[in-house]
Structure formats: structure tokens, C-alpha cells
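Have a look at the structure that comes next, please.
We name chains A, B, ... by the order of the sequence lines, and we start the count at 1 in each one.
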Amino acid sequence: MPELPEVETYRRFLEEVMLHQTIAALEVKDAHVLAVEEDTLRQALVGRTVTGTSRLGKNCFLLLDSGQVLVLHFGMTGDVGAYRDEPDAPRFTRVAFHLGSGLRVAFIDPRKFGRIRLADSVSQYQSAKKLGPDALDISAAELQARLGKRKTFLKPLLLDQGITAGLGNWIVDEVLFQARLHPERAAHTLTTPDFEALHAAVQLVLSTAIQHEATYRAFPASFLIHAREWDDSATPGTNQHQYCPRHTTTKIDKTYVGGRATYTCPICQPPS
DNA sequence: GTCGATGTTAGCAC
DNA sequence: TGTGCTAACATCGA
């Protein structure tokens with residue numbers, strides 16, 4: 001479920017297992033996830049050493065000693081893993097990077113929406129993809145500058161990677177809940193204090209999620225995420241978290257905003 | 001068998 | 001140019 005916190009967790013893992021390692025071979029099990037010719041990729045990777053890692057929004061970068069950059073995007077279901085012998089390859093491994101040490105790093109992606117590509121640099125990739133500043137780096141003032149004149153709904157704007165990169169569907173719901181803002185508020189009606197609350201909520205949600213390595217069951221009880229249907233952490237098969245963490249007798253609403261499932265508390269986040 | 005899904009992008013209509 | 005809606009991608013798992 002890769003949004004910014006998951007990708008940051010993957011980046012830390014990749015840094016741990018790949019930094020200063022040489023890529024000895026590239027194994028492509030399913031070329032569907034490649035957004036670059038397999039031979040081109042192999043030529044760019046084999047014999048190269050990983051000199052660093054980076055992240056922008058939901059994109060993870062492996063910096064190579066050639067100066068080129070390997071870009072990993074995990075789509076909806078991407079993950080990473082490491083293994084030594086083929087029988088231990090994780091299910092749905094699509095590409096494996098064989099390291100000089102014998103360890104193999106897996107790009108795992110059941111639904112194959114993830115992509116692997118090459119770029120000349122992080123900034124070249126950022127401009128090519130028109131990505132805004134990372135959601136962890138953006139300031140309240142910049143958020144206001146980018147959103148304050150837009151007349152459309154807040155939620156789709158926050159999901160727009162060109163405005164700020166890294167916010168996905170559940171994170172935006174959580175941010176809006178924490179900031180007590182309705183997802184259908186027109187962005188230009190927000191006041192400066194609203195933008196400050198929004199910014200603080202982005203920081204809170206992202207830092208909490210990263211701290212728990214994106215394991216949402218470990219998140220504080222004050223988080224709305226527990227109301228999402230796929231959280232079975234109370235009793236499997238039931239959903240005992242369908243009430244607002246702050247108004248424990250108020251049911252969380254499920255609606256669709258911009259075509260995306262959206263969860264809100266009708267009391268905390270009154271429509272304007 | 002049916003439905004929905006965490007992301008992204010293209011196409012289309014206004 | 002901005003906007004918003006829909007479909008498509010590929011597949012799993014409930």
C-alpha cells in the first residue's frame with residue numbers, strides 16, 4: 001500500500017541492503033513493470049554500484065555510480081524484499097536485482113501497476129513528471145500559495161502529485177480529519193489558520209506513519225484510519241472502529257469525492 | 001461469480 | 001487553460 005510513508009520505509013530498507021553494493025545481474029521475471037527496454041536497463045545496472053538512495057513523494061531512487069538514477073514506483077501493491085536462493089523469492093517478485101554479495105533484492109508487485117525506469121537525475125525526473133515538492137518538505141505558506149486560488153475541492157487537489165508529492169487516498173482522509181476540514185471545501189475558502197492546520201496535519205500524519213513504518217494497526221487511536229473497512233485490528237471479520245475517535249457514538253461517513261472512497265466525521269468535518 | 005481496491009494516466013466534454 | 005468525470009491498466013482477495 002505504498003504512499004509516502006511506505007515508500008520511505010522501502011527506501012530505508014534498500015539503503016540498508018544496497019548501499020555500496022554492486023549490481024551483479026538483473027533478473028526480469030515479468031517485463032510488464034519495466035518502463036524502459038530490458039536490455040537498456042541491464043546495461044545501465046550491471047556492474048554499477050549503488051552510491052545512495054533518495055525519495056520524492058511516492059518515488060524511490062537508487063543513485064548509481066554512473067550518475068544515472070534507477071527510479072522505482074510501487075503503484076498500488078508494490079513492495080520490496082530480499083532473499084538469497086530462488087525458492088525463497090517472495091511471491092509476485094517481478095524483478096530481482098542480484099548483488100555482488102549474493103543477496104537478491106526483489107521488486108514485488110502482485111497487480112503490476114508499479115514501474116521501474118531510468119532517469120538522468122532526480123530533478124530531471126521531477127520536472128519530466130511535473131512533481132511538486134515532497135509533502136514532508138512543503139511549508140504552510142507554500143501550500144497556501146499553491147492551493148489558495150483554486151476553486152475546486154480540497155481533496156482532489158491534495159491528491160494531485162503536481163501540487164505536492166506523496167499524499168495518497170487514505171493519508172488525505174486522515175490529514176483532513178486531523179485538520180477538521182471537509183474534503184469538499186473549495187480550496188480558495190481556506191484561511192491562513194486553515195492552511196496552518198492543514199500543514200500541521202500533514203506533518204503529524206506522515207511522521208506518525210513513518211515512525212510506525214506504515215503499519216497502520218499501530219497508529220494512535222485518535223486516527224481515522226481505524227474506521228476504514230480493511231482495518232480488522234479489533235476483531236477479525238468485524239469492524240469495531242467505525243465510529244469517530246473523538247465522537248464515539250458518531251458513525252464515520254463513507255462517500256466518494258473525485259471518484260475516490262472518502263471517509264469523514266460529520267461532526268468534526270462539517271460541510272461548508 | 002461479483003465487487004472494490006492503496007495509483008496513474010489518457011481521453012473526452014464542457 | 002482549467003476542470004471533472006470515466007475508463008483503463010492487472011490482479012487479488014473478500
A/K151 side-chain N/O to C/dT1 phosphate OP1/OP2 under 4.0 Å: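 False: A/K151 side-chain N/O out of range (4.0 Å or more) of C/dT1 OP1/OP2.
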Rounded distance (Å) that lies between atom P of C/dC9 and atom CG of A/D30: 16 Å
Partner nucleotide, any strand, of B/dT6 [Watson-Crick/G-U, under 3.5 Å]: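 None - no nucleotide pairs with B/dT6, as no candidate has both distances under 3.5 Å.
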Touch class at under 4.0 angstrom, heavy-atom based, for A/F74 against every strand present: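 Nothing, no nucleic acid heavy atom in range.
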Phosphate contact (C/dT3 OP1 or OP2) by A/R150 side-chain N/O below 4.0 Å: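 True: A/R150 side-chain N/O within range (under 4.0 Å) of C/dT3 OP1/OP2.
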Short side-chain to backbone donor-acceptor contact, A/K58 and A/L167, under 3.5 Å: yes
Length of the line joining A/D160:CG and C/dG2:P, which is rounded to integer Å: 11 Å
Salt-bridge criterion met for A/E8 and A/R11 (N-O under 4.0 Å):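 A/R11 and A/E8: salt-bridged.
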Donor-acceptor under 3.5 Å (A/T208 side chain, A/L204 main chain): yes
A/F97/A/F107 aromatic ring centres below 6.0 Å: no
Between P of C/dG4 and CG of A/L157, the distance in whole Å: 8 Å
Phosphate OP1/OP2 of C/dG4: any A/T152 side-chain N/O under 4.0 Å: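 A/T152 to C/dG4 OP1/OP2: side-chain N or O found under 4.0 Å.
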Protein-to-nucleotide contact annotation, 5' to 3' order, nucleotides 7-14 of chain B [B base; S sugar-phosphate only; - none; under 4.0 Å, heavy atom]: BBS-----
Gap between atoms NZ and C1', on A/K130 and C/dT1 respectively (whole Å):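 In whole Å, C/dT1 C1' lies 14 Å from A/K130 NZ.
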Reference residue A/I171; test side-chain contact (heavy atoms from CB on, under 4.5 Å); the match among A/I225, A/L206, A/L4: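 Exactly one candidate clears the test, A/L206.
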Any-strand Watson-Crick or G-U partner of B/dA13, both distances under 3.5 Å: C/dT3
Donor-acceptor pair, side chain of A/D137 and main chain of A/D134, under 3.5 angstrom: no
Check: A/L224 main-chain N/O paired with A/E174 side-chain donor or acceptor under 3.5 Å: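 Checked: pair present.
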Length of the NZ-P vector between A/K112 and C/dA10, whole Å: 8 Å
Interatomic distance where CZ belongs to A/R115 and P belongs to C/dC9 [whole Å]: 12 Å
Phosphate contact (B/dT6 OP1 or OP2) by A/Y263 side-chain N/O below 4.0 Å: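 Checking A/Y263 against B/dT6: no side-chain N or O falls below 4.0 Å of OP1 or OP2.
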Whole-Å distance separating the CD atom of A/E8 from the C1' atom of B/dT6: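 Going from A/E8 (CD) to B/dT6 (C1'), I get 18 Å.
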